[in-house]
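Everything on this sheet refers to the single structure shown next.
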Amino acid sequence: MPTWLIILIIGVVLLILGVAVEAAQFLIWLGIIVLVVSLVLGLVGRGKARV
């Protein structure tokens, strides 16, 4: 399983937990950051595969 996919799954889980637990607002931001990082890693990985 690719690393970016694992990070993406973790980001989605953190985002859901952050929305479910209103007291943990930092989880929402952490989830968003992890999602963005995983998307960037995915795009970079695809770029290397084409070349």
Side-chain angles (χ1 to χ4, degrees):
M1 189 179 257
T3 306
W4 66 269
L5 185 59
I6 295 171
I7 296 174
L8 179 68
I9 292 169
I10 292 172
V12 170
V13 170
L14 287 175
L15 194 61
I16 291 170
L17 286 175
V19 171
V21 181
E22 199 168 320
Q25 286 287 327
F26 71 94
L27 283 179
I28 295 174
W29 292 109
L30 186 61
I32 291 171
I33 291 168
V34 170
L35 283 172
V36 169
V37 168
S38 67
L39 289 174
V40 168
L41 288 175
L43 291 174
V44 168
R46 285 186 185 171
K48 287 182 181 178
R50 288 183 185 165
V51 174

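Numbering of residues begins at 1 and proceeds along the displayed sequence. All values derive from a computational prediction rather than experimental measurement.
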>> Taking side-chain contact (heavy atoms from CB on, under 4.5 Å) as the definition, give me every residue that meets it alongside Ile10, ordered by chain and number, with sequence neighbours left out.
In response: Ile6, Leu14
What side-chain donor-acceptor pairs closer than 3.5 Å can you find for residues 30-45, not counting sequence neighbours?
| residue | atom | partner | partner atom | Å |
| --- | --- | --- | --- | --- |
| Ser38 | OG | Val34 | O | 3.3 |
| Ser38 | OG | Leu35 | O | 2.7 |

>> My understanding is that only residues two or more places apart in sequence, or in another chain, count here; which of them pass side-chain contact (heavy atoms from CB on, under 4.5 Å) with Leu5?
In response: Met1, Pro2, Leu8, Ile9
